[in-house]
Every structure is written in C-alpha cells, then in structure tokens.
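A short worksheet on the structure shown next.
Position 1 is the first residue of the sequence, and the numbers go up from there.
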Amino acid sequence: MDWLEQATGLDTGYLWLIGAVVLGGLELLLPGIFLVWIAIAAALTGIATVFLDIPVIGQLVLFSLLAVAAVYSARKSYRAIGNSSADPMLNDRGARLTGEIVTVVEAIQNGTGRVKVGDGVWSARGADAGVGDKVRVTGSDGTVLLVEAI
C-alpha cells in the first residue's frame, strides 16, 4: 500500500481510520447492524498501525482477525439477548388469534369452512359446524385457522 501512501500523502494507519469513518457512515445510511463491526475492526487496525508501524501484510491479517472477532462477538451477544419484544407475536396474526371466539360464516363441512374475525373472513379447519355457530381458535396453519367447537 506504499503506492496509496504516495498517492494520498497519508500514512496507512490514517487510511484505515478514514475507511472506518466511511464504513460507519454507510452503516448510518444502510442500517443493518453489520458494517459497524467491520468499521470497529478498521479503526482498531488504524490505531495499531499509527502507533506500531505494522507492515501491510500484518495490517491485513490484523484487520481480518479483528473483523472476525467483532462479528463473532456481536452475534454471540445478540443471541444472548434474545427476543426482547414487548409483543413477540406482533407479526403472527394466527398466533395472536389463538383462544379467540369467532363466528362461522361458511359452514365447516368435511373439516373446512370460513369464519369471521373482526371485519375479515378467514379459512378455517376443524370439526363440522353450521353457519352462525361460535368456535374457538386453537392455532393456525399458515393463513388457515384451526378451530374447535365450544
């Protein structure tokens, strides 16, 4: 990277730091919680290079090791945190409906029919039931509600 130092007039350590800032900026523009860890590895490589005058191959090895370590530790800590949502079933409408009492609008015959949920109508599977009967939702299979007679 001597040619890069000659072209820019900057020490490679400062180039690593500039790269870290660019990666951090990209993380802000394209949030995905991934580039920040690579940016941290680039920043640490830049700091080490400025103070220790590491050769280019050593810089690349150091950056690679730091990037792998940063991503690994981030993944491990995110897994330890788990799902901290206040409503873990937010995007699982079928699971949210489990336990609800709904009205049959198309008779459930041979195990299939339709039920009214709020202002919508869902396909349902379960024991036979006539139009107007009340049934309880016991779960879902994709967009089909599983129901049982009350």
With hydrophobic residues grouped by side-chain heavy-atom distances under 4.5 Å, do V147 and V144 end up in a single group? no
The reported gap from CG in L62 to CD1 in I57 (rounded to nearest 0.5 angstrom) is 12.0 Å
Between the OG1 atom in T45 and the CD1 atom in I54, the distance rounded to the nearest 0.5 Å is 7.5 Å
Between the CD atom in Q59 and the CG atom in L66, the distance rounded to the nearest 0.5 Å is 12.0 Å
- Task: Could you tell me whether the side chain of T138 and the main chain of L146 form a donor-acceptor pair under 3.5 Å?
- Result: yes
- Query: Does W16 belong to the same Ile/Leu/Val/Met/Phe/Trp/Tyr cluster as V22, with side-chain heavy atoms less than 4.5 Å apart forming each link?
  - Reply: yes
Shortest non-hydrogen pair, A124 vs V115, comes out as CB-CG1, 3.8 Å
May I have the step-by-step check of side-chain contact (heavy atoms from CB on, under 4.5 Å) for W122 and V137, ending in yes or no?
CA-CA 11 Å; W122 286 58; V137 178; over 6 Å; no
- Test item: D128 side-chain N/O and N110 main-chain N/O as donor-acceptor pair under 3.5 Å: yes
dist I38:CD1 -> L26:CG (nearest 0.5 Å) comes out at 12.5 Å
With a 4.5 Å cut-off on side-chain heavy-atom distances among I, L, V, M, F, W and Y, is there a chain of contacts connecting V56 to F63? yes
Check your understanding: Taking a hydrophobic cluster as the set of Ile, Leu, Val, Met, Phe, Trp and Tyr residues connected by side-chain heavy atoms closer than 4.5 Å, whether directly or through intermediates, do L23 and L60 fall within one such cluster?
Key -> yes
Value for CD (E148) from CD1 (I108), rounded to nearest 0.5 Å, stands at 11.0 Å
Note: F34 and E27 closest approach over all heavy atoms is N-OE1, 3.4 Å
Residues G139 and T98: closest non-hydrogen pair is CA-OG1, 3.7 Å
The reported gap from CG in D53 to OG1 in T12 (rounded to nearest 0.5 angstrom) is 7.5 Å
Of all heavy-atom pairs linking A149 and V135, the shortest is CA-CG1, 4.3 Å
Closest heavy-atom pair, A43 versus A20, reported as atoms and distance to 0.1 Å, is N-CB, 3.6 Å
Between A39 and G24 the two heavy atoms that sit nearest each other are CB-N, 3.9 Å
*asked:* With a 4.5 Å cut-off on side-chain heavy atoms, are V117 and R93 touching?
replied: yes
Ignoring hydrogens and geometry beyond distance, is a side-chain donor-acceptor pair present between R114 and S123 at under 3.5 Å?
yes
TODO: Show your reasoning for whether side-chain contact (heavy atoms from CB on, under 4.5 Å) applies to T103 and K134.
DONE: CA-CA 5 Å; T103 305; K134 301 287 185 185; 2.8 Å; yes
Let me check something: do L44 and L52 share a hydrophobic cluster, defined by ILVMFWY side-chain heavy atoms less than 4.5 Å apart, either directly or through other members? yes
